[in-house]
Each structure stands twice: as structure tokens, then as C-alpha cells.
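Read through the structure below, which is laid out as C-alpha cells, and then see the notes.
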Amino acid sequence: MDKEKLLLLDGNSLTYRSFFALNVNNFTSHEGIPTNAIYGLKRVLDSIVKDLKPTKMLAAFDASDRTFRTELYSDYKGNRSKTPDELSAQFPYVHEMLKLMGITSYELQDYEADDIIGTLAKKANEQGIEVVIVTGDRDLTQLINDHTTVYITQKGFSNYETYNPDHLKEKLGITPKQVIDMKALTGDTSDNYPGVQGVGEKTALKLLGQYPNIEELYQHLGDLKPSKMKENLIRDQKQAFQSKELATIRTDAPIQISIEDTEIKPSNIEGLNSFFEKLDMKSLIIKTSNDENLKEKDVPAYQVLSLENISALKELKEPLIYFETFNSNYHEAEIKAMIIAERGKIFVTKDFSLLTSEILAGFEHIWTFDGKKTFILANRHQLSLPKISYDLMIASYVDDSGHSNESLATTIDDYFDEFILSDETVYGKGVKISLPENDQILYDHLAKKAEGYFLSKDIVDAHLKMHEQVELLKQIELPLSMVLAKMELEGIKLNKSELKRMGKEFDSNIHELKSKIFAEVGQEFNLNSPQQLADILFNVMKLPPSKKTKRGYSTSVEVLEELRPHSQVVDWILDYRQLSKLKSTYVDGLQKFDFGNGIIHTRFLQTMTSTGRLSSVDPNLQNIPARGMGKIIRKAFTARQNDWQLFSSDYSQIELRVLAHISGDPHMIKAFEDDRDIHQATAEKIYHLEPGAEITPDMRRVAKATNFGIVYGISDYGLAKNIGVTRKEAAAFINTYFEEYPLVKVFMDNSVKFAREEGYVETLSHRRRYLPDIHAKNFNLRHFAERTAMNTPIQGSAADIIKIAMVSIQNYLADQNLKSRMILQVHDELTFEVAPGEEEIIGSIVPKLMDSAIKLKVPLKVESHFGETWYDVH
DNA sequence: GATGTCACG
DNA sequence: ACGTACGTGACATCC
């Protein structure tokens, strides 16, 4: 049997928190019963039980506002405003729900929920039972020990901060018992007791670093130098001791309940379902296997396609064609089901073989959701599609680049809440994903998808028209999707023997480094584990740590670079890291995508990024090493026939050119018109040098970092960290930069202002990114949104430009019947396989079409190279 | 599934 | 005082 685990919930704290986290207006039953706290608590409970798998459980509540603490100190919690009626009304339901779930709840006159928890935790510990306490209240951390953990709820319903003695020590540097002394000194504003005036968390922690508790502190008060703080401590001594008593959670409350009573009982599913039904919390209704819950609501009329009714497809002129797959990688996926539909004429089937070339030839155009996927799946089955005139996935992305377009169902969900069941509900997930046993459930779901498609399209189209985005969809993104389809199908040749050879070499180096490191350190450990490595570096070797992560000390490159002078082991670790990255991600990783002929086919995701860039997956061919020793990996990428070559063209400084254009800054424009090295030109400006003056490599480095910083939505903090100067110095660079490029400053300010007023920013091609966080109260979120407002128009416009170039290049290749083909895009670079005899035309037309993709106030510059491998074209 | 790390533009 | 540079994806570890 599993080990016993008792979960103690602070029912009051969790219910309050749920109430304030969810807007009650959105959670009220048709009878007018507020349900936000009930709903939130259920979500929290489900997630806790799933994560912690307790065997016993108890939810503790406050019996009333009056407790032994109010007897002790009449103002205790005296500043609390009255519990809102909407919340009070929910407590009876909360208790009912807990009972139905088989969870014991308990309250005790004169005591708070905390005291019940403290008492039970102690009892359980005495019986050797592990205890987990879940609450929103940090005070409970005084109860932790080696067998008791406290989970403090964070944002959302399933995030917790886990407190055990180590974590507490690390975070605050104190023991669980000292939590009480800290409250004694600082007081508690929400519980309304004072502590010592002028002592906050910082001071309290400092004092508790010197004395184990306040008793000791007051005994040795004479040792303290005279100060305001000392006066406060003396004056408020009585308050401090009283606060300590108030803050102490009782572990001896006279509870009438035993550990045995907390055993989790089987939940009453029928009872729960009718409870949720009554409160209109339909989404919580528990699904049983052969069930009503898989029923789509308001399914439109449809027909199941078969040989009998297939001729009905002849009436369709411009239908939606949709293939359902479980595997998102359509280069391998099987088609599980299919929709062919126009408004009011919906056909669905599991039998993909019903689709023939003859049928497809009867359609003038088709609509799709992910036309690239549809095209490639059809291609794999020797079918060619009619021209795609509309794609909802892409249109929805153009409407709002933040939309989740991972499936048709989620896109529909972006426009219509609770219109359609999720794919996960219908098909399941993970290893158990499958078509529902009952065909009707599948067909209903597909019919809903078809209907949802048409309804969503109407909304999207209205938006695109209103926002002047039709051209972006029709002239850029839609044609681009077919360009990408061809690139993906083409693939790129991998020289496997070369890759294997490199793998062997890496391996022997890895082994050698490993033994050297272990020998030097004096023990073996898992070098790939940041945690174990941190233990070796900072505990065993006593090197000075500099950066922290959630789990401990960081061992990232920047930390290790600082440590290099201390020990040669650090050098070896850095080398080991680099080599094992190359081996696992590139040498081994890439070979997994070779299915025999040495050609690998990535997928370019066209609706993934919020800026408009593409991304690449399975494998990612946009992050193949380009610098350092790793770039030899590129020698494994070649043309597929001996007499063909690779050719690559990349935009030089496209983002800064875009910035010069959008801002209209005359000095930056002049620098590009004169074809200056932009970083040199910037160095001259920020260091106030004569044009053309000699600059040091360091000046150029700083200027380059500042240029990058500007593009990313500069902050003095970020720039300082990057170039290793003080924040002040970084701020001075930025200031000078803005003086020298004044319109860049205007652009930055205007972008943020625009985002605040309009709620979004846009690129040259009217691609939008909405930035709701621009109004956030949270400093981080708001500032992040502000940097995004500055960066997205730049990064996104550069993405627009290369997309335009790609479409015109592909059109040219097709028009001229050239054999050469475009195979890769890496944000500012295009790579081609060039057929013998086409070198000249490709070498001139590609840079020309890239140059002229768009007319800016500055020239675009393109650099190009031929070579045998990807390594050679740079 | 989240986290840390590191590869790219 | 707060505490980050913008945009991605893959791998290994750990919970």
C-alpha cells in the first residue's frame, strides 16, 4: 500500500481566494446563487488531489470571527471588512460539495482553521504520517518540518510554492519556528496586530540572523548600538510578545476529530453532478464512460459520406476540405476522418479513400483550415488539391497573432465560447488518444467543426476588412503557405556519414572531459543535472555562486564564465556542455528525422509567433549552430546531387533598416544611405567622435549592443547587464543614443502611446499584436508589454518583408520553370538548392527580389554566397 | 509538465 | 522598490 499522506486544507483561505480571483458576475446560477468561490475551490481541489495524491484529507474552516485570539486582543482582525454576502452565501454549498467529494470538513468554536490544521498536523506527524498543508497564508509555514510541507497557492489554480525547511532557509534564511518571531516583530496588517514599529521584513530577518528568537533578542538588547530601531524595540516590547502569541498557531486545540476520520471516501458522482447541474456549473460535470457529456449541443444537419451519397458532392463549388489527424506532424500523420462542407451542406466520414481526384477536380476552389497541412496530406496520398482560396487558420492569425490556432476546435473557441467540445474531450489525449467508439460522437463533433468554421469565418472576415488586413492575408500569408508547403516537401539533404563521423569525434571528447572532471572533483555525478553540478561547484568545491534559480544556484554559461579563473574544471564543464548539446540536439536529434533517404522535412509554423515570424519544428532548422565550433554541423547539410550547389542570401541589418524607415530618423537613414557599418556609425555618435574616426573594438561592441537593445525595447538595466557596465553608464549611452537619433526616441514613445490608446501595435503590413498588459498594474507585465510595443513593429515588419520576397521568388521560379528550389528560411536568410546552369540567374534574381520586396526610406542590403554545404555559404 | 540550459535570428 | 533585454524550439532532469 502507498504511504499515508494527509492533506490539510485551509478552507477559509482557499475559498476567499477563489472568490476574489474570479469575477462573481460571470458565475451566478439561474437562481441567482453566486458560484465563483465554489467553482474556484473545486478547480483548486482537483488540481491538488491530482498532484499530491493524498490518502487522507481535511478542510478546516473558521467557526466564527470570535476566537481565543479576539479574547486576547480585541482588535485582532478588527480591520477586516465584513465578508461579502455573495461569499457568505457560498459556504453552505462549499461544505455540501466537500461532503459529496468524500472530503471531511471541520470547524471548531473559538479556534481558527490554522489551529485545527496545526493540531492535526502534529497528531499525524506523531503517527508517522506525511502531511501537506495547502493555503494562501504564509503564516502556516511555521508548521513545516521534515514530514510536513506547506503549499502556498500562487496565481492560477494549479501553481504552488512549496515550503519545506530547506526552501524556507533558502528564501528567508530562517527556521520554521522563527516565522513566528518574524511575525512578532513585523506584525500583520491583515490580522491587524502591530509588532514593533519601524521593523519590516528586512530588519526582522537581520535580527533573526543574530538571535534565534525574540526572547534571546530582548535578553541581549543591551548589545545593540543605540539607534531608532533599538528605541522602538524597547518601547514596543509588550506588543512584540503579544504579537508572538497571536501569531503562534496552536497544536493543542481541543478537536473532536481523529486522524482516522480524515480518510478520503469515494466521491458521490451522481450527487456531485446534480449539485453542479443545480448551480449551472456544467463544465464541472464529471464524465462517465458511455456518456451524455460527449454530446455536442445544437449539432447542425449533416450527412455521413458513403458511396451511396457521394454524388451529392458534385453540387459543391467551393467547399471546406478538412482532414482530422491526431499526430500534428503531417509528414507522418494518418488521416483519421474528413469533412467536406459548404454552409448547410455538411458531409463527414472516417473513410478518407472516398476522396478521389475526380471529386477534387469538380471543385473550383476550396477552403481549408491549415492549407499547408491539407496540401501535404493530399500530396502524400497522390492527390492534388484545387487552388485554396481561403484558410481560416491563417485568417484568424492575421486577425490576432495571439490566437491559439493549434486546431480548428481551439480557433472556433477563440470566437465562440463553449460552442464546441474540445478535441481532447472527444478523442482523449496522450497514448490513449483515439476515435470515439460511438461513430455519432465523432460525426457530431466534425459537423460542429464545419459549422463553427463558417461562423468564425464571418467574424474574421469582418475584422480583416475593418482593420485593412485583407491584403496581408490574400497577398502575403495565403500564397506564402503554399510556398512553405513546397519547401517542406522538398526537404534538405543530410550527409549522414559526415554527421556520424562528427558524432564519434564529439563522443570521444565528451568521454575524455567527463573522466577529467570526475578525477579532478574526486567523485562521479550526473554532469547533465544542473542541480548536481551546482552541488559540486558551490558546496563541494566552495566556488562563489552568483545567480539563483527557483531550484538553487544557477550553473548557466554566464555564471560559469565568471568562475573560469577559479578552476580549470569550469573550462572542461563548459566544453562538456557545448559538446553534449551538439551531440544530443544536432548529431543525434537530426538523425531521428531521417527516414532512410537522408532527406529531412521540417514543418514551418506559420501561425505560431506573436510577431509574424515563422518558426520551425520537427526538427527546428532555424537554430542550427552558426557560430563557434558548433557551426561544423552545417557541413552535414548539402545539396542532394553532386553537381548541384547551395546558395544563400541574407538581409544585412534588416531590423535596424526597418527602424530607420519607421522612425524616419535622418541620421540613421543617412548612415544606411552611405552604406556605413551601422555599429561603427553608432559608436561615433555615442562616443562623440568625428565621422570616420578610429574606434576601438570595445566601442563597436558597446554600440552594437546598444543597437540591439534599442530594437528590443531598451532598458538601462538590460543593457547594463549585457555589456557589463553600471546601470548609470548604460542609461547615459541610451540618452546619448536618443539625442543622436532623436526620431528613434519619438518612435519608441509613440509606439507605447499607441499601444496604450489602441490596445495593439502593428507592422508595415498591418499585422496586429494586441497588448492587453500595457495597462497591467503589475510592473513587470506592464513594462514587458511596453518593450513588446517597441519591438514588435520592427521584428514583425522585417518578417513581413522576407515573406513578400519569398512569395515573389517562388512565383519567379515557377514562371521561369527553373529547377532550382527554395528550401529554408531563417528569419533574415533564404537558402536554395541550385541546379547546374542556373547559378547565374539565381545569383542575380534572388538578391534582386529580396531587395525590392518593399520600398523603404533606406536601401535594403542583401549578401549572398554559393557553396557545397550550408557551412560554406556564409 | 515545469524548469534549466542553450542553439538560432 | 520593483527587476527584464525581443522572438523562437529541443533536450535532459526532476517532481
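Chain letters run A, B, ... following the sequence lines, proteins first and then strands; every chain starts at 1.
With sequence neighbours left out, A/Arg700 forms a side-chain contact (heavy atoms from CB on, under 4.5 Å) with A/Asp677, A/His679, A/Ile695, A/Lys704. Looking at residues two or more places apart in sequence or on another chain, you find a ring pair (Phe, Tyr, Trp, His ring centres under 6.0 Å) between A/His403 and A/Tyr415. Under the side chain to side chain donor-acceptor pair (under 3.5 Å) criterion, A/Glu786 pairs with A/Arg756, sequence neighbours left out. In this view, A/Lys373 satisfies the salt bridge (charged side-chain N to carboxylate O under 4.0 Å, His left out) rule with no residue, not counting sequence neighbours. For A/Arg564, the salt bridge (charged side-chain N to carboxylate O under 4.0 Å, His left out) partners at least two apart in sequence or on another chain are A/Glu561, A/Asp571. For the salt bridge (charged side-chain N to carboxylate O under 4.0 Å, His left out) test, no residue two or more places apart in sequence or in another chain qualifies with A/Asp773. Applying the ring pair (Phe, Tyr, Trp, His ring centres under 6.0 Å) test to A/His827 and every residue at least two apart in sequence or in another chain returns nothing.
As judged by a 4.0 angstrom heavy-atom cut-off over every strand, A/Val826 is placed among residues touching the sugar-phosphate backbone only. Note on A/Gly709: a base of the nucleic acid sits closer than 4.0 angstrom, heavy atoms only. Among the protein residues, A/Asn722 comes within range of the nucleic acid bases, having at least one heavy atom under 4.0 Å from a base atom.
Counting heavy atoms from C-beta on, the side chains of A/Met487 and A/Phe604 come closer than 4.5 Å.
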Exercise for review: Return one dot-bracket line describing DNA chain C 5' to 3' (Watson-Crick or G-U wobble pairs, both distances under 3.5 Å; ( ) same strand, [ ] crossing, | another strand, . none).
Suggested key: .....|||||||||.

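The salt bridge (Lys or Arg N to Asp or Glu O under 4.0 Å) analysis of residues 164-173 of chain A, with sequence neighbours excluded, yields the pairs A/Glu161-A/Lys171. Residue pairs meeting the salt bridge (Lys or Arg N to Asp or Glu O under 4.0 Å) criterion with at least one partner in residues 617-627 of chain A, sequence neighbours excluded, are A/Arg603-A/Asp618.
Within residues 782-797 of chain A, the residues that place at least one heavy atom under 4.0 Å from DNA chain B are, in residue-number order, A/Gln795.
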Review point. When every nucleotide of nucleotides 10-15 of chain C is labelled 5' to 3' by its protein contacts under 4.0 Å (heavy atoms), B for base, S for sugar-phosphate only, - for none, what sequence of letters results?
Key: BSSSSS

